[in-house]
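Notes to accompany the following structure.
Since the structure is predicted, the reported quantities are computational estimates derived from the model, not experimental observations. In what follows, chains carry the letters A, B, and so on, assigned in the order in which the sequence lines appear, proteins first and then strands, with residues in each chain numbered from 1.
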Protein chains: 2
Amino acid sequence: MSNIREVARLAEVSVATVSRTLQQPDLVSLKTRNKVLAAVKAAGYKPNLMAVRFRSGKTHNLVVLVPTVANVFFARVISGMQEAAHENQYALLLGNTLGDDEMEAAYARMVQTSQADGLIQLRAHNPFDALQQQDSADDSPALLPMVNACEVLDKAPCPTVVLDNRAAACAMTEHLLALGHRRIAMIKGPARSPLTRDRVAGYRDALQAAGVPFAAELLSPGNFSLQSGFDAAADLLALPNPPTAIFCENDEMAIGAMQRIKQQGLRVSADISVAGFDDISFAAFADPPLTTIAQPAEEFGRTAVRLLIDVLEGKLSKAPKVILPFDLVIRASTGPAPAPKDNQSDKT
Amino acid sequence: MSNIREVARLAEVSVATVSRTLQQPDLVSLKTRNKVLAAVKAAGYKPNLMAVRFRSGKTHNLVVLVPTVANVFFARVISGMQEAAHENQYALLLGNTLGDDEMEAAYARMVQTSQADGLIQLRAHNPFDALQQQDSADDSPALLPMVNACEVLDKAPCPTVVLDNRAAACAMTEHLLALGHRRIAMIKGPARSPLTRDRVAGYRDALQAAGVPFAAELLSPGNFSLQSGFDAAADLLALPNPPTAIFCENDEMAIGAMQRIKQQGLRVSADISVAGFDDISFAAFADPPLTTIAQPAEEFGRTAVRLLIDVLEGKLSKAPKVILPFDLVIRASTGPAPAPKDNQSDKT
DNA sequence: GCAAAAAATGTAACGGATTACATTTTACCA
DNA sequence: TGGTAAAATGTAATCCGTTACATTTTTTGC
């Protein structure tokens with residue numbers, strides 16, 4: 001591959017002139033410029049970006065830490081990131097971490113070793129914690145070159161992009177309450193996640209506001225997979241006094257739960273309502289179509305990238321917290337609560 | 001950030017010794033080695049990988065061109081790639097191209113400008129074609145630093161990883177024929193794709209072997225989306241003599257098709273069988289669970305990455321074509337063909 | 001104890017583009 | 001036309017780690 005010196009030789013100018021022709025053409029006379037451009041073409045010259053980046057210290061790479069790309073919601077978020085990154089001439093390095101701290105640390109190290117300029121984390125965990133804090137003695141606590149999106153840390157040392165999960169869960173629970181449901185179960189995400197905690201909080205907010213007592217047995221653990229929704233639903237249906245509605249913290253679990261419900265011979269909506277969260281493409285094509293909370297997934301990605309670039313360019317002094325809007329999408333999987341069974345007393 | 005010269009100063013040795021301590025410790029005496037390692041720690045030294053790569057000319061980055069990460073199947077393939085890449089100390093640059101040639105060319109240029117060492121393409125299209133062929137005069141037609149996976153070019157100038165789509169489609173069609181179906185429709189993928197062509201060929205192979213005439217009206221176009229499956233099914237059901245089975249070229253379209261069938265008041269399996277392709281996680285949780293062709297998606301990714309690394313390391317002189325196995329997964333969405341309606345004559 | 005071989009370490013060039021600073025050329029006005 | 005400002009171009013340092021080659025130190029064998 002030809003380099004700038006060869007072009008300079010061909011054009012009979014100095015390397016500086018070649019560089020300027022390409023970077024700041026106004027500084028070069030028209031005559032010289034043409035000579036150089038001809039030489040560039042003749043040599044088939046393409047600047048070696050490794051060299052450019054080495055010198056500038058900017059890689060124009062961003063690392064994305066995602067628990068799993070195989071998750072439909074995350075895939076949409078990543079699409080959005082890609083879009084914004086491409087617009088801004090950045091490339092996206094994918095870090096499929098499987099939620100493993102070691103793996104996250106390995107990818108975070110790419111930032112420290114100048115393989116990437118910054119990092120976007122989709123999980124509530126600071127991957128830099130694991131690395132020895134570089135300049136902890138430094139008195140200027142600059143922002144970390146990181147953005148936390150979707151599932152955010154409570155005290156993130158960086159910009160965050162988040163949904164008001166508490167309000168969204170509250171809205172969905174209110175929807176179910178308005179349909180007459182009183183025994184509303186929730187299939188949760190991973191226990192430690194702030195996201196799970198917020199959604200449970202929103203759920204309890206709505207129950208409390210409606211004067212419906214909270215029942216611990218209606219809170220079932222899940223891990224966002226189809227299978228875990230299926231399993232959790234099985235447990236809930238086996239309760240002595242099973243719920244009339246199940247609110248799942250994501251759509252996959254809701255689809256898994258519906259499957260279980262139908263296998264048991266019950267009708268979704270008529271016998272038991274099911275709601276999800278995320279509004280993935282499969283939600284509208286579920287049977288029945290799934291009531292859910294729509295999240296602007298691609299917008300999460302775009303916003304996260306833009307914020308990160310702002311951090312990298314030093315445009316931010318404080319870490320903003322961006323809250324994106326949600327939308328309650330009512331489809332056919334939720335319906336009026338069935339009339340209470342014979343011997344069941346209703347203390348409302 | 002500290003550099004190697006600072007470490008050398010701290011350890012009172014030359015930069016060469018520091019580098020050797022880190023790269024080839026056997027060449028350095030134990031005493032010196034310890035001194036250097038202490039200095040490395042004291043300085044918090046991390047080698048600048050940009051510099052290393054700039055000098056070595058290897059970026060250890062691989063670009064992945066994927067039509068859309070939002071596709072569940074591709075997401076799994078990428079997971080596999082990530083796994084193999086990480087194992088081999090490579091990083092994955094994501095190129096979500098939306099099937100756009102321009103975009104693909106932009107990412108392919110990353111290889112030419114030394115931002116990445118090689119490229120994996122998941123679509124049947126050579127992104128380097130769009131770029132002026134670098135050294136076409138060169139008499140050694142070396143392998144392109146590229147691997148084509150999943151949907152491969154007919155005359156790919158690089159290693160390929162593929163499924164025997166023709167055989168797989170044939171196997172599924174045979175399954176449907178064995179159930180007594182004679183009017184078997186197929187919802188296709190994008191028309192120009194070799195993948196679509198091969199699956200249609202396999203479908204026709206099976207029909208022909210069974211002596212069932214091919215009916216053009218039973219071939220319906222799709223684009224792999226849920227909605228397109230839904231729409232195509234609507235068209236097929238509206239035929240004067242509708243099919244008793246629909247074989248979709250991916251699971252999303254099959255799920256979309258089932259939705260349409262059920263909306264029409266028909267029962268999947270009992271009235272009309274539906275089959276998919278890919279075995280995405282949602283297939284097992286569809287209602288009814290979807291009969292499909294399981295593809296080793298993650299293995300596609302892993303194999304593609306390993307082949308690409310082999311190419312980059314010059315271990316391959318010819319471009320191998322790796323064929324991965326498929327598996328016919330029979331679930332409840334396919335069943336015996338319904339007894340022919342009254343006035344319908346059966347010419348078998 | 002000495003020469004020769006082996007081991008350890010050091011010096012400096014290198015990779016390719018950018019850019020501060022120096023130098024040359026051109027333009028302009030008196 | 002001489003002189004100065006402005007424009008154009010050139011020179012060489014710089015980013016940082018690696019490594020060929022040179023040099024110094026240690027080890028080995030007799």
Side-chain angles (χ1 to χ4, degrees), chain A residues 1-40 43-61 89 109-117 134, chain B residues 1-40 43-61 89 109-117 134:
Chain A
M1 195 46 106
S2 64
N3 62 24
I4 200 171
R5 271 162 250 272
E6 173 152 344
V7 175
R9 197 170 46 68
L10 273 171
E12 299 177 298
V13 297
S14 71
V15 293
T17 300
V18 176
S19 178
R20 276 189 289 252
T21 303
L22 269 29
Q23 306 301 323
Q24 316 158 63
D26 335 334
L27 297 185
V28 181
S29 74
L30 186 61
K31 206 175 101 191
T32 313
R33 222 187 298 165
N34 289 334
K35 226 172 23 171
V36 171
L37 291 176
V40 165
Y45 171 67
K46 295 255 176 276
N48 179 329
L49 284 189
M50 283 304 287
V52 173
R53 291 171 177 194
F54 162 51
R55 182 166 210 288
S56 71
K58 303 287 173 201
T59 62
H60 270 243
N61 286 337
Q89 335 273 20
R109 212 167 292 126
M110 297 180 80
V111 175
Q112 299 195 315
T113 57
S114 312
Q115 281 180 88
D117 298 338
Q134 49 266 53
Chain B
M1 196 45 107
S2 63
N3 62 24
I4 200 170
R5 274 161 244 272
E6 173 154 342
V7 174
R9 199 169 44 68
L10 272 171
E12 299 177 296
V13 297
S14 70
V15 292
T17 302
V18 176
S19 178
R20 276 189 289 251
T21 303
L22 269 29
Q23 305 303 324
Q24 316 159 63
D26 336 333
L27 296 186
V28 181
S29 74
L30 186 62
K31 208 175 101 190
T32 313
R33 220 187 299 165
N34 290 332
K35 227 173 20 171
V36 171
L37 291 175
V40 165
Y45 171 67
K46 297 253 177 278
N48 179 329
L49 283 190
M50 282 304 288
V52 174
R53 290 168 178 194
F54 160 52
R55 185 165 208 288
S56 71
K58 302 286 172 201
T59 63
H60 270 244
N61 286 337
Q89 336 272 19
R109 213 167 291 127
M110 297 181 79
V111 175
Q112 298 194 315
T113 57
S114 313
Q115 281 179 86
D117 297 339
Q134 49 266 49

Just how far, in rounded Å, is P of C:dA8 from CG of B:Asp26?
9 Å
Do A:Leu37 and A:Thr21 have side chains that get closer than 4.5 Å, going by heavy atoms?
yes
In whole angstrom, give the distance that lies between atom CG of A:Leu27 and atom P of C:dT26.
18 Å
Does B:Thr17 have any side-chain hydrogen bond (donor to acceptor under 3.5 Å, both in side chains) partners at least two apart in sequence or in another chain, and if so, which?
B:Ser14
Using side-chain heavy atoms (C-beta onward) and a distance below 4.5 Å, is A:Val36 in contact with A:Val28?
no
OP1, OP2 of C:dT26 versus side-chain N and O of A:Ser29: anything below 4.0 Å?
no
Find out whether B:Leu22 and B:Ile4 are in side-chain contact, i.e. whether some heavy atom of one side chain is under 4.5 Å from a heavy atom of the other.
no
Between C1' of D:dA8 and NZ of A:Lys35, the distance in whole Å
11 Å
Whole-Å distance separating the CZ atom of A:Arg33 from the P atom of D:dA7
14 Å
Pairwise side-chain contact, B:Met110 with B:Asn61, heavy-atom cut-off 4.5 Å (strictly under)
no
Protein proximity profile, nucleotides 14-26 of chain D - base contact B, sugar-phosphate-only contact S, no contact -, cut-off 4.0 Å on heavy atoms:
BBBBBB-------
Are A:His60 and A:Leu49 packed together at the side-chain level, in the sense that at least one heavy-atom pair is separated by less than 4.5 angstrom?
no
